[in-house]
Engineer: 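Pasting a structure here, questions to come.
In this text the structure is predicted, and so the values were computed from the model without any measurement.
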Amino acid sequence: MKVAATRFDVRRYGGRVESHVHGHHQIVLPLGDGAQSRLDMEIGGAVDGVGGTRAAAVPSGRTHAFQATGSAPLKSPFLVVDLPAGPGLGPMDDRRFWSLAAEAPFVDFDPALAGLTHFIAANVGQVGFRGLRAEVAGGMIVEALARGAGLPVEPVARPL
């Protein structure tokens, strides 16, 4: 499956191991404090967990497996960002970032990003949180994770 536009979803994962691949990029960010559960993931042979200030970036076409662990697996929510893969998508298809994510898919992020992710999660169901708003928010998340990965981020000139 490929996505044509950036979309957000709040998900809770169970304790069963699941695995799949898709034709779009995906970012998984923690929304809880990680005290009750974390999401253990394997992405292209790299194994780590999503929780606290640690996110996962899954490049398109990359098989990944995941399982919630902890004292209450289905309680902690995660923000899942599906991003289209393809040329001309600006910061959302930053080839440097996705090339790095193919080798090192787990990224620490600045705790300030948690504020944005919580805002997005609270507004995911809103009809107006699509289109340009979703594109801008997705670009901001990719930019924040690129900085966390140590990549220099250059502003993208784009008319609104």
Engineer: Could you check if a side-chain atom of Phe66 sits within less than 4.5 angstrom of a side-chain atom of Asp40, using non-hydrogen atoms only?
Structural biologist: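 Counting from C-beta outward, Phe66 and Asp40 never come under 4.5 Å.
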Engineer: Please name all residues satisfying salt bridge (charged side-chain N to carboxylate O under 4.0 Å, His left out) with Asp110, sequence neighbours left out, ordered by chain then number.
Structural biologist: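 So Asp110 forms no salt bridge (charged side-chain N to carboxylate O under 4.0 Å, His left out) with any residue.
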Engineer: Between Phe106 and Arg54, which heavy-atom pair has the shortest distance, and what is it?
Structural biologist: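 Heavy-atom minimum between the residues: CB-NH2, 3.4 Å.
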Engineer: What heavy-atom pair brings Ala4 and Pro84 nearest, and what distance separates the two atoms?
Structural biologist: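 Looking at all heavy atoms of both residues, the closest pair is O-CG, 4.0 Å.
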Engineer: Can you tell me how far CD1 of Ile141 sits from CG of Leu116, rounded to the nearest 0.5 angstrom?
Structural biologist: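 It is 5.0 Å, given to the nearest 0.5 Å.
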Engineer: Hey, what's the ring geometry for His24 with His22, parallel, tilted or perpendicular (30° and 60° as the breaks)?
Structural biologist: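 Plane angle under 30°, so parallel.
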Engineer: Does Pro77 reach the side chain of Tyr13, with side-chain heavy atoms less than 4.5 Å apart?
Structural biologist: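 No. Closest side-chain heavy atoms not under 4.5 Å.
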Engineer: From Thr6 OG1 over to Arg130 CZ, what is the distance, rounded to the nearest 0.5 angstrom?
Structural biologist: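 One gets 12.5 Å once the value is rounded to the nearest 0.5 Å.
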Engineer: Search all heavy atoms of Leu31 against all heavy atoms of Ala121 and return the closest pair with its distance.
Structural biologist: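 Shortest heavy-atom contact: CD1-CB, 3.6 Å.
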Engineer: Can you name the nearest heavy-atom pair linking Gly52 to Pro30, along with the distance?
Structural biologist: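 Between these two residues, the closest heavy atoms are O-CG, 3.3 Å.
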Engineer: From the options Thr63, Val47, Val17, Asp48, select the one residue that forms a side-chain contact (heavy atoms from CB on, under 4.5 Å) with Glu42.
Structural biologist: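 Filter result, single survivor: Val47.
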Engineer: Out of curiosity, Gln67 CD to Ser19 OG, how far, rounded to the nearest 0.5 Å?
Structural biologist: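 Between Gln67 CD and Ser19 OG, I get 12.0 Å after rounding to 0.5 Å.
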Engineer: Taking it one step at a time, do Leu83 and Val3 satisfy side-chain contact (heavy atoms from CB on, under 4.5 Å)?
Structural biologist: CA-CA 7 Å; Leu83 301 156; Val3 298; 5.8 Å; no
Engineer: Hey, mind stepping through Phe78 and Thr117 against side-chain contact (heavy atoms from CB on, under 4.5 Å) and telling me if it holds?
Structural biologist: CA-CA 9 Å; Phe78 296 86; Thr117 60; over 6 Å; no
Engineer: Please determine whether the number of non-hydrogen atoms from other residues, nucleotides or ligands lying under 6.0 Å from atom CZ of Arg133 exceeds 12.
Structural biologist: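 For Arg133, atom CZ is not crowded (no more than 12 foreign heavy atoms under 6.0 Å).
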Engineer: Under a 4.5 Å cut-off applied to non-hydrogen side-chain atoms, are Ile27 and Val58 in contact?
Structural biologist: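 Answer no - side chains too far apart.
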Engineer: To the nearest 0.5 Å, what is the distance between CZ on Arg62 and CD on Gln26?
Structural biologist: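 Separation between the atoms: 14.0 Å.
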Engineer: Enter the distance from Ser99:OG to Leu151:CG here, rounded to the nearest 0.5 Å.
Structural biologist: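 Answer for the OG-CG pair, Ser99 versus Leu151, is 9.5 Å.
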Engineer: For the backbone of Pro152 and the side chain of Arg96, can you confirm whether one donor and one acceptor N or O come within less than 3.5 Å of each other?
Structural biologist: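 Yes.
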Engineer: Judged by atom type as modelled, is there a donor-acceptor pair below 3.5 Å linking the side chain of His64 to the main-chain atoms of Val21?
Structural biologist: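 Looks like no, no N/O pair under 3.5 Å.
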Engineer: Search all heavy atoms of Gly23 against all heavy atoms of Ser60 and return the closest pair with its distance.
Structural biologist: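 Closest pair (atom of Gly23, atom of Ser60, distance): C-CB, 3.7 Å.
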Engineer: Can you check whether Leu79 reaches Phe8 side chain to side chain, under 4.5 Å on heavy atoms?
Structural biologist: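 Heavy-atom side-chain distance check passes, below 4.5 Å.
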Engineer: Out of curiosity, Leu145 CG to Phe97 CZ, how far, rounded to the nearest 0.5 Å?
Structural biologist: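 One gets 5.0 Å once the value is rounded to the nearest 0.5 Å.
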Engineer: Looking only at non-hydrogen atoms, find the nearest pair between Val50 and Ala55 and report the distance.
Structural biologist: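 Answer, listing the atom of Val50 first, then Ala55: CG2-C, 4.2 Å.
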Engineer: Quick one: which of Asp9, Val28, Leu29 gives a side-chain contact (heavy atoms from CB on, under 4.5 Å) with Val81?
Structural biologist: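 By the side-chain contact (heavy atoms from CB on, under 4.5 Å) criterion, Val81 pairs with just one of Asp9, Val28, Leu29: Leu29.
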Engineer: Should the ring pair His25 and Trp98 be called parallel, tilted or perpendicular, given that the plane angle runs from 0 to 90° and is split at 30 and 60?
Structural biologist: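 His25 vs Trp98 ring planes: parallel.
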